[in-house]
Number of protein chains: 2
Amino acid sequence: MLNSAAIIESSAGATPPTCFVPVETCRPKNPLIEKLGKFATLGGQEFDALERVCRSRKKLAPRETLLREGCRSSFVFLILKGMAVRYRYLSNGKRQIMGYLLPGDLCDAHFLVRNYLDHDIGLLTDAEVAVIPIRELTSVMAAFPTVRRALLETMVTERAMLREWLLNVGQRNARQKLAHFICEISERMQSLGQVNPDGSYSIALTQVELADTMGLTVVHVSRCLQRFRAEGLVEWLRHQLTIVDVQGLRQLAGFDEGYLHIARDSPGSCASAAARGLCSIVAA
Amino acid sequence: MLNSAAIIESSAGATPPTCFVPVETCRPKNPLIEKLGKFATLGGQEFDALERVCRSRKKLAPRETLLREGCRSSFVFLILKGMAVRYRYLSNGKRQIMGYLLPGDLCDAHFLVRNYLDHDIGLLTDAEVAVIPIRELTSVMAAFPTVRRALLETMVTERAMLREWLLNVGQRNARQKLAHFICEISERMQSLGQVNPDGSYSIALTQVELADTMGLTVVHVSRCLQRFRAEGLVEWLRHQLTIVDVQGLRQLAGFDEGYLHIARDSPGSCASAAARGLCSIVAA
DNA sequence: CGAAGAGTTGAAGCTCGTCAATAATCGTGG
DNA sequence: CCACGATTATTGACGAGCTTCAACTCTTCG
């Protein structure tokens, strides 16, 4: 969707190479700009400012720890390519993964407000990041209220995702948890255009990561995936994920498309909710 | 309608009229101001502006639903007295509580950015709330950068709490979950000065709420509390919570004081973390 | 007083974790 | 290129933690 397929190097045999969307929306190839563009309408000035802020880049090896709990920094990292996770360890050695960072995600905008981090951030793949001086980012935010607002929105979205995760980990059983996570991560990758031509996704996740995401053991994750496979719901071999039965998986997961707020606020994304009308107190 | 409760019917008969602390610190009795004051240094102008914004007040009955999922509003509610919870239901009837709202907490600053809510907010006690027009709040934020920053901090703190909850629900066993929650809620109430003279807390939580917070069943919560009682860790009868063995409880929970960021950023609150120094990438 | 809600207790069972052994895959260096 | 160890995935047996169901008590409140 959006303009993701605008300049793509014919990875998809189906999409035509030409660019049919308006020039303005076709322009950004910077994932931060693409992401913020989903929350606010940005103009050329904003594009330039954001582009400038991301000029310092760095390539990183897989499995590297990007940021450590407690570290302080006057920079903010932006994922340009690759995948990272937030996590924390418990003293008993258990690890909880608290979020996945994909291209366009900041890790951590947190530093705009606090001077240290309360969790680790590790890379799952080799990656490219932009190293953004906080000072520059704040001045862009000051100069462009729309950027400030869009950044705020990304934080609010992240909070919403954490709530959904809490619901997932707290109230669903293992199969539902897994199903829900698969729906979520594939939706996010899809919105980034990271779908293979055959409809599969290349995801560098091991079952260990899945287990630590959902609060399960690797053994149990393995069994659940086996069953998914047997039931014709999902294929997940090596790092290739294929969702065979999207409907079935979503139903099992109780997945609500639109919760990720990937699309701009649209009445459709919360139609049922909106139907309930204004809150009681205000309406009274 | 909104300001119907503007003339408050002298509900407070307990607080003494005299003031022994310095005038400046004595002045704010508005819990929002007290809370924001923990994150930023506010002056008289900010006090007045915030006070003005909170002038419309409303009293509410216990068990009332304050806000419903999907509702839209041009107001933000601030808890002045009482206790509320955020929660969401799953289609199978299970409920996950995602946060507790105490005096000084906004529910939901969310509306500053998004126009609808993705969860319900319900009252556990009778309560008093301030009904703040979003427009007024945004103009205060525009006029006073410190207020804006402090509000941002509250959001970041909330996100940090969600991460901690995720860790709690995902990786700890029932006893540890309960212990951790008890540490957290008592710490928050303590920082609000809501401790009874005998060191106990008056908390209007039933075991149902505890269960829905931790992703457990009422039955199991009951059993855990029984055992806490037998082990001399905690007393929790009716709505009176007494922590008998603070050290023991914290150790069991692996509770990290300071995670709530109740205190101003201090080197002490993250000493061990700071010792680890700068993050690898930047230092390199 | 009666009804509804909250808490307690026991028995039984299921989901998921633990332990352990094996196979498949990957990365690395010879 | 193959060989090596290390990581990842799979499978089985067993057990523990927690849930479910159900009955009963205690409290609260109209």
Side-chain angles (χ1 to χ4, degrees), chain A residues 61-64 85 90 92-97 122-126 168-179 181-182 202-230 234-241 252, chain B residues 61-64 85 90 92-97 122-126 168-179 181-182 202-231 234-242 252:
Chain A
R63 307 279 139 195
E64 201 164 336
V85 283
L90 233 41
N92 61 15
K94 294 193 169 183
R95 177 177 74 153
Q96 176 69 47
I97 291 182
L123 294 171
L124 295 178
T125 66
D126 55 336
N168 203 34
V169 171
Q171 304 297 336
R172 289 194 252 251
N173 64 29
R175 307 190 72 219
Q176 296 172 319
K177 289 182 196 184
L178 254 170
F181 176 76
I182 292 173
S202 300
I203 303 190
L205 287 184
T206 68
Q207 295 186 354
V208 177
E209 270 95 38
L210 287 178
D212 290 349
T213 301
M214 254 89 51
L216 300 169
T217 57
V218 206
V219 176
H220 202 63
V221 167
S222 177
R223 284 195 240 266
C224 287
L225 283 179
Q226 292 289 74
R227 204 172 141 199
F228 280 176
R229 215 167 282 149
V234 166
E235 286 291 334
W236 193 325
L237 285 171
R238 324 280 167 93
H239 292 158
Q240 288 292 313
L241 164 66
L252 171 60
Chain B
R63 305 280 140 194
E64 201 164 337
V85 283
L90 233 41
N92 61 16
K94 293 192 171 185
R95 177 178 74 153
Q96 175 69 46
I97 291 182
L123 294 171
L124 294 178
T125 64
D126 56 336
N168 202 34
V169 172
Q171 303 298 335
R172 289 194 251 250
N173 65 27
R175 307 189 73 216
Q176 296 171 319
K177 289 182 197 184
L178 255 170
F181 175 75
I182 292 174
S202 301
I203 303 190
L205 288 184
T206 67
Q207 295 186 353
V208 176
E209 271 95 40
L210 287 177
D212 290 350
T213 301
M214 255 88 53
L216 301 169
T217 57
V218 206
V219 175
H220 201 62
V221 167
S222 176
R223 283 194 241 266
C224 287
L225 283 180
Q226 291 289 74
R227 204 170 140 199
F228 279 178
R229 216 167 281 150
E231 294 171 334
V234 166
E235 285 292 333
W236 192 325
L237 284 171
R238 324 284 165 89
H239 292 158
Q240 287 291 314
L241 164 67
T242 312
L252 171 60

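Throughout, a chain's letter reflects where its sequence line sits, starting with A, and its residues are numbered from 1.
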- Span of DNA chain D, from the first to the last nucleotide whose atoms fall under 4.0 Å of chain B heavy atoms: D:dC18 to D:dT28
- Take the C1' atoms of the five end pairs on each side of the helix from C:dC1-D:dG30 to C:dC26-D:dG5, derive the two axes, and give their angle rounded to 10 degrees. 50°
- Message: Nearest 0.5 Å, please: how far is CG in A:Asn173 from NZ in B:Lys94?
- Response: 7.5 Å
- Item | NE2-CZ distance between B:His220 and B:Arg175, expressed to the nearest 0.5 angstrom | 9.5 Å
- Query: Is there a donor-acceptor pair under 3.5 Å between the side chain of A:Gln96 and the backbone N or O of A:Thr213?
  - Reply: yes
- Query: For residues B:Gln226 and B:Arg229, is any side-chain donor paired with an opposing acceptor at under 3.5 Å?
  - Reply: yes
- Query: Roughly how far, to the nearest 0.5 Å, is the CD atom of B:Gln207 from the CG atom of B:Leu225?
  - Reply: 5.5 Å
- Item | Nearest-0.5 Å distance that lies between atom CD in B:Gln171 and atom CD in B:Gln176 | 10.5 Å
- Message: Does the protein touch nucleotides 3-16 of chain C at the base, only the backbone, or not at all? Give it as B, S and - per nucleotide, heavy atoms under 4.0 Å.
- Response: ---SSSBBB----B
- Would you say the side-chain atoms of B:Gln240 pair up with the backbone N or O of B:Leu237, donor to acceptor, closer than 3.5 Å? no
- Query: Are the side chain of B:Lys177 and the backbone N or O of B:Val169 linked by a donor-acceptor pair below 3.5 Å?
  - Reply: yes
- Message: Please identify which of these residues, A:Ile97, A:Val218, A:Val221, meets the side chain to side chain contact (heavy atoms under 4.5 Å, CB included) condition with A:Asp212.
- Response: A:Ile97
- Task: Check the pair B:Phe181 / B:Leu205 against side-chain contact (heavy atoms from CB on, under 4.5 Å), numbers first and verdict last.
- Result: CA-CA 12 Å; B:Phe181 175 75; B:Leu205 288 184; 3.8 Å; yes
